[in-house]
Structure formats: C-alpha cells, structure tokens
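Quick notes on the structure that follows.
The model shown is predicted, which means the values in this text are computed figures rather than measured ones. Along the sequence shown, the residues carry numbers beginning at 1.
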Amino acid sequence: MPGALELNNAALKRLPIATPSYDRSSVSVGIAHIGTGHFHRAHQAMYIDQLLEQGLAREWGICGVGVLPENWPMRDVMRDQDGLYMLVREYPDCSRDARVIGSIVDYRYAPDDPEVAIDVLAAPTTRIISLTITEGGYRDPDGLAFGLITEALARRRDRGIAALTILSCDNIEGNGKVARQAVLANAECRNPGLAEWVAEHARFPNSMVDRITPATTPEMAARVQREFGVADRWPVLTEPFTAWVIEDDFADGRPPLEQAGVLLVDDVAPYELMKLRLLNAGHQCLCYFAHLCGYEFVHDAARDPLFAKFLLAYFESEAIPTLPPVPGVDLHHYSRTLIERFANPGVGDRVARLCAYSSDRIPKWLLPVIRDNLARDGPVRLAAATVASWARYAEGVDERGKPIDVVDQLADSLVPIARSQHEDPIAFIDTALFGDLACHPRFVQAYRWALDSLHRKGARATLEALVQ
C-alpha cells in the first residue's frame, strides 16, 4: 500500500500503532524457541513482551530457531523486520487493535547452519528451550529439533554449564513428559551418560496453551497493511482470549510469568484435559461436518444454530463428564464461551485448517473421550458421529461431488480405506489409529449409524437427527 511504513527498528517511533516502550537493544536472550510460527508469536512471545513492558524480563528475550527447510520465509521476515511483527486482536464485533511485539530479539535458521542454532541453545545465558513443533513433531525423536537440543545439552554438560528447561507448548496430553521421552531417547543413543545427566538435571514441565490463531494468509496481511498503515510481511491475527498454564518446575530460573497472567501450578493435567477434550476436540466435532455442509469459515459454521447445538451437546453430555474438576474454572461456562470464540468472525479461521492432520489430532483429543465413556458406560453417540464425519470426509469427495484435498501424513493410506467403507463399513475404524475400538459394540453401532446416515442423507440431516 502506498505510504505504508516498513516495520523495523528504525521506523518504530513513527508507527501509528502501539510499539514497545522498552529498549530492545538492552534485552538479552534467555529463551530459545524452536518453531517460531503464528501460534508462538500470538502466545508465548506476547507474554514475554508484556513482561518487558513492565521492566521485568530483560534477560528473558527470545531467540527464534527454525528447523524445517520451509521455515526460510520466516528467516527472511525476521531478518528484514528486526524480529518485529504486528499482533492484531480480532473482536467478535469485527473491531480490532494492533501492537508491535518486540520480544523476539534474534533468529537462527538451522537448515542453513546448524551450528548457529546450537550456539544459542548451548549458551550459558539460555535457560529455557521452548517448543511449538506441532503434534507430529514428536513422532521422530531423531529429527532435527531434538538432535539440536541433544547436541546443545551435550555441550552444556561437557563445558560445565547448567542444564536448562525444555518447555513444550504443543497440544499434546502430558507434553512435558512426551518432550522428555524424545530428548532422553535421543541422548541415550548418543551417550548413556548424557541421558543420565539430562534426566537428573534438566526439567520438562507440562503446559497448557489456549488461543485460537489461524495461519496468516496474504489476504489477511494485505488487510492489516491497509487498515493500520504498516507494511508487515507476516502479521499475526488472533482472538482476544488467551491462557497459559505451566507446571512450576524449572531447572535454572524462569521469567515472572505470573505477572503477565500465566497460571503457575503444581499439576497442569486438569487444565490440559479441559482444553484438549473441549476446545481441540470441539474443533474436530465441528470441522468435518462443516466442510461437508459447504462451510469455508469456522465462524459461519459456529453461528449456525444446528452446529452450536451439536457442539454444546457434545460438551455437556460426553466431554465434561470425563473431566476432573479444574481449579478456578466452571467447565460449563468455559464450554459456552468456546462456541462464542469459534463464532468470532474477525479471526477468519478456516474449516480446512481444522480438518488437516486428523490422524495426529483425533487419536489424542477425541478418542480418549470415547474410551473413558465406554469404560464408565457413558454416551458415545456424538463423538462416534464425529469419527464417522472424519471417515466420510477422508473419502476425498464432498456431497456436491467436488474433490477434497485431504491434508494428512497418512492420507495415502487413509483415503483408499475410507473409499472402501461403502462395502466394508468398519474399514476405517479397523486400523491401528483406533486400537481396539472396533471391538466395542456400542461405539461400532453409533459409528455405523452415523456413517450410513452421512452416506444416505448427508451431513446436515445427520446433525439434525443427532441433536433431536
């Protein structure tokens, strides 16, 4: 846009939006974050920016670390914009505000030179390595992320530098334990003595993160530039709501995160289960039916009274009964606010984003609800129907005959299986992803009914029958 100001250190004082009041040159790196994508920049980096504004975290600046070859655009944006970016909060009434976040003060791109990344991970001043590498990033402990962490830990041990905290911020139940297993497996292969040192001295706190943040599209970036007059090549758009709960177990100190609204607790598990089984599983309950009904945007589906009724029924009858009490949280109120959050049109979240990588998500977020309800003789009808909606979606053709781009690391095997279910109705659930669920008659009956209804009557009619 003509007249838009470039976003970099030199232009900060001239920008027409809120900018850091602190001296960024005085901020040193205390946190190295692997996976500096849109969620990290909407969430963890925002919290550190708040602390820096309060003068409380000068030694806790962030160095972003890219580990995937496709991270090169972020490398270039971080370089050209001095680590600065705009965080735009989108409100349900379609108003929005923006602030420049300044907490990312360095960026290293490991595919170009792993040593530059290891240097910051192994530096004595780096006391936390945090991660947002997606659920699938933990399946391969020999991947680059954990290889870099292990090499950095080995150098710290050899040089007499204190072990640090590995803080997973991914949507995985027991994410700290999962990260610990991956690091220790990598360290054990390298040197059993290193694994023993890491197990004794490093810390891997569990955490729960909560903020709906869609990936930024070129259209979003162009709109932000038009409205705010700032040329940010990769702004982040997010909802106003945000929450972060962390197990207070750190190896070598931490920022005063509680001063920015982070909840530090002894046990994250209740908060984690709440978020995974309500927000994350709720997204799954919505997205496949929504796609089959022709919805492109999440907010349009969530504003449909039929979808809202289905979501609330899942929350109240199937998900909440499997949850333990969550200190300070009314689960029924949280569930109702989720529907309001899903319906926020300003966020512009796309149904297709929620439908992606289902084979990572549904086994972790929704199947545990089904298993718990089977064990307690609770209802499974709505969750089973959600699985059926995934199976129908995975056939790769919608109700109007248009092809569906099934984005999943197992798509090559799942799509042919889904297409065979007209002849074999349990083919999809009779796979390793579902364990022994195909042996549970109550689940199979509910699943088969929903799949048959989806094939014969369509998604909307199936939803109508489910919520009657």
Side-chain angles (χ1 to χ4, degrees), residues 39-40 43-44 131-139 167-181 204-213 239 241-247 262-263 265 267-288 298 311-339 341-342 349 353-376 378 380 382-384 386-387 390 433-435 437:
F39 182 78
H40 167 71
H43 196 266
Q44 299 92 24
L131 305 166
T132 47
I133 56 176
T134 75
E135 298 78 25
Y138 296 80
R139 285 200 309 273
L167 177 58
S168 172
C169 302
D170 285 296
N171 285 317
I172 299 173
E173 187 172 345
N175 54 13
K177 294 178 182 178
V178 175
R180 185 178 189 272
Q181 291 168 354
F204 299 83
N206 292 311
S207 76
M208 184 276 276
V209 295
D210 189 355
R211 194 171 210 183
I212 297 172
T213 308
E239 64 173 336
F241 181 93
T242 183
W244 195 5
V245 184
I246 307 175
E247 182 183 358
V262 179
L263 189 59
V265 299
D267 183 12
V268 171
Y271 302 91
E272 178 182 72
L273 281 175
M274 172 189 74
K275 196 252 180 168
L276 295 177
R277 296 189 179 192
L278 295 177
L279 187 151
N280 294 110
H283 268 157
Q284 299 298 290
C285 290
L286 175 86
C287 66
Y288 310 104
V298 175
L311 285 173
L312 189 60
Y314 162 75
F315 293 148
E316 295 287 341
S317 67
E318 297 190 13
I320 289 177
T322 72
L323 295 173
V326 182
V329 178
D330 180 332
L331 293 172
H332 301 280
H333 175 73
Y334 179 78
S335 294
R336 290 190 294 272
T337 64
L338 281 180
I339 297 174
R341 291 167 62 191
F342 292 175
D349 204 1
R353 180 185 79 88
L354 304 187
C355 292
Y357 307 109
S358 314
S359 63
D360 266 338
R361 296 173 171 181
I362 280 187
K364 295 182 177 71
W365 301 342
L366 188 66
L367 298 191
V369 176
I370 294 172
R371 294 183 189 283
D372 280 5
N373 276 319
L374 289 172
R376 58 185 288 276
V380 297
L382 306 180
T386 297
V387 175
W390 174 30
L433 286 172
F434 294 91
L437 280 178

For the [atom1] atom of [X] and the [atom2] atom of [Y], what is their distance to the nearest 0.5 Å?
X	Y	atom1	atom2	result
Trp365	Cys285	CH2	SG	12.0 Å
Leu433	Leu367	CG	CG	8.0 Å
Thr213	His40	OG1	NE2	12.0 Å
Ser207	Ile172	OG	CD1	10.0 Å
Asn373	Glu318	CG	CD	6.0 Å
Leu354	Arg361	CG	CZ	7.0 Å

Begin from the C-alpha positions of Cys169 and His43 and carry the test side-chain contact (heavy atoms from CB on, under 4.5 Å) through to its verdict.
CA-CA 10 Å; Cys169 302; His43 196 266; over 6 Å; no

Determine, step by step, whether Tyr314 and Leu366 satisfy the side-chain contact (heavy atoms from CB on, under 4.5 Å) criterion, reporting the C-alpha distance in whole Å, the side-chain angles of both residues, the deciding distance to 0.1 Å, and the verdict.
CA-CA 11 Å; Tyr314 162 75; Leu366 188 66; 3.7 Å; yes

Pair Asp349-Arg353, salt bridge (Lys or Arg N to Asp or Glu O under 4.0 Å): steps then yes or no
CA-CA 8 Å; Asp349 204 1; Arg353 180 185 79 88; 2.7 Å; yes

May I ask you to decide if the ring planes of Phe342 and His283 are parallel, tilted or perpendicular, using 30° and 60° as cut-offs?
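The rings of Phe342 and His283 lie parallel, inter-plane angle below 30°.
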
[X] side-chain N/O to [Y] backbone N/O, donor-acceptor pair under 3.5 Å:
X	Y	value
Tyr138	Asn175	no
Glu173	Leu273	no
Thr322	Ile320	no
Glu247	Asn206	yes
Arg211	Glu239	yes

Please assess Ser358 against Tyr288 for the test side chain to side chain donor-acceptor pair (under 3.5 Å), listing each intermediate value before the final yes or no.
CA-CA 10 Å; Ser358 314; Tyr288 310 104; 2.7 Å; yes

Assess whether side chain to side chain donor-acceptor pair (under 3.5 Å) is satisfied between Tyr334 and Asp210, documenting all intermediate values.
CA-CA 12 Å; Tyr334 179 78; Asp210 189 355; 2.8 Å; yes

Less than 4.5 Å apart, any side-chain heavy atom of Val178 and any of Ser168?
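Heavy-atom side-chain distance check fails, nothing below 4.5 Å.
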
Do the side chains of Leu167 and Pro205 get nearer than 4.5 Å, heavy atoms only?
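A side-chain contact exists here, since the closest heavy-atom pair is under 4.5 Å.
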
ring-ring contact (aromatic ring centres under 6.0 Å, His included) with Phe204: which residues, sequence neighbours excluded?
none

Quick one: list whatever passes ring-ring contact (aromatic ring centres under 6.0 Å, His included) with Phe315, sequence neighbours left out.
none

For Tyr357, does the OH atom sit with more than 12 other heavy atoms under 6.0 Å from it, leaving out its own atoms?
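No.
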
Checking side-chain polar atoms at under 3.5 Å, does Asn171 have a donor or acceptor matched by the opposite partner on Lys275?
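Their side chains do contain a donor-acceptor pair, which is all the 3.5 Å distance test asks for.
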
Going through the checks in order, is the side-chain contact (heavy atoms from CB on, under 4.5 Å) test met by Thr386 and Leu286?
CA-CA 8 Å; Thr386 297; Leu286 175 86; over 6 Å; no

Leu263 vs Trp244, test: side-chain contact (heavy atoms from CB on, under 4.5 Å). Steps then yes/no.
CA-CA 6 Å; Leu263 189 59; Trp244 195 5; over 6 Å; no

Would Arg336 and Asp330 count as a salt bridge (Lys or Arg N to Asp or Glu O under 4.0 Å) if you check the C-alpha gap in whole Å, the side-chain angles of each, and the deciding distance to 0.1 Å?
CA-CA 10 Å; Arg336 290 190 294 272; Asp330 180 332; 5.1 Å; no

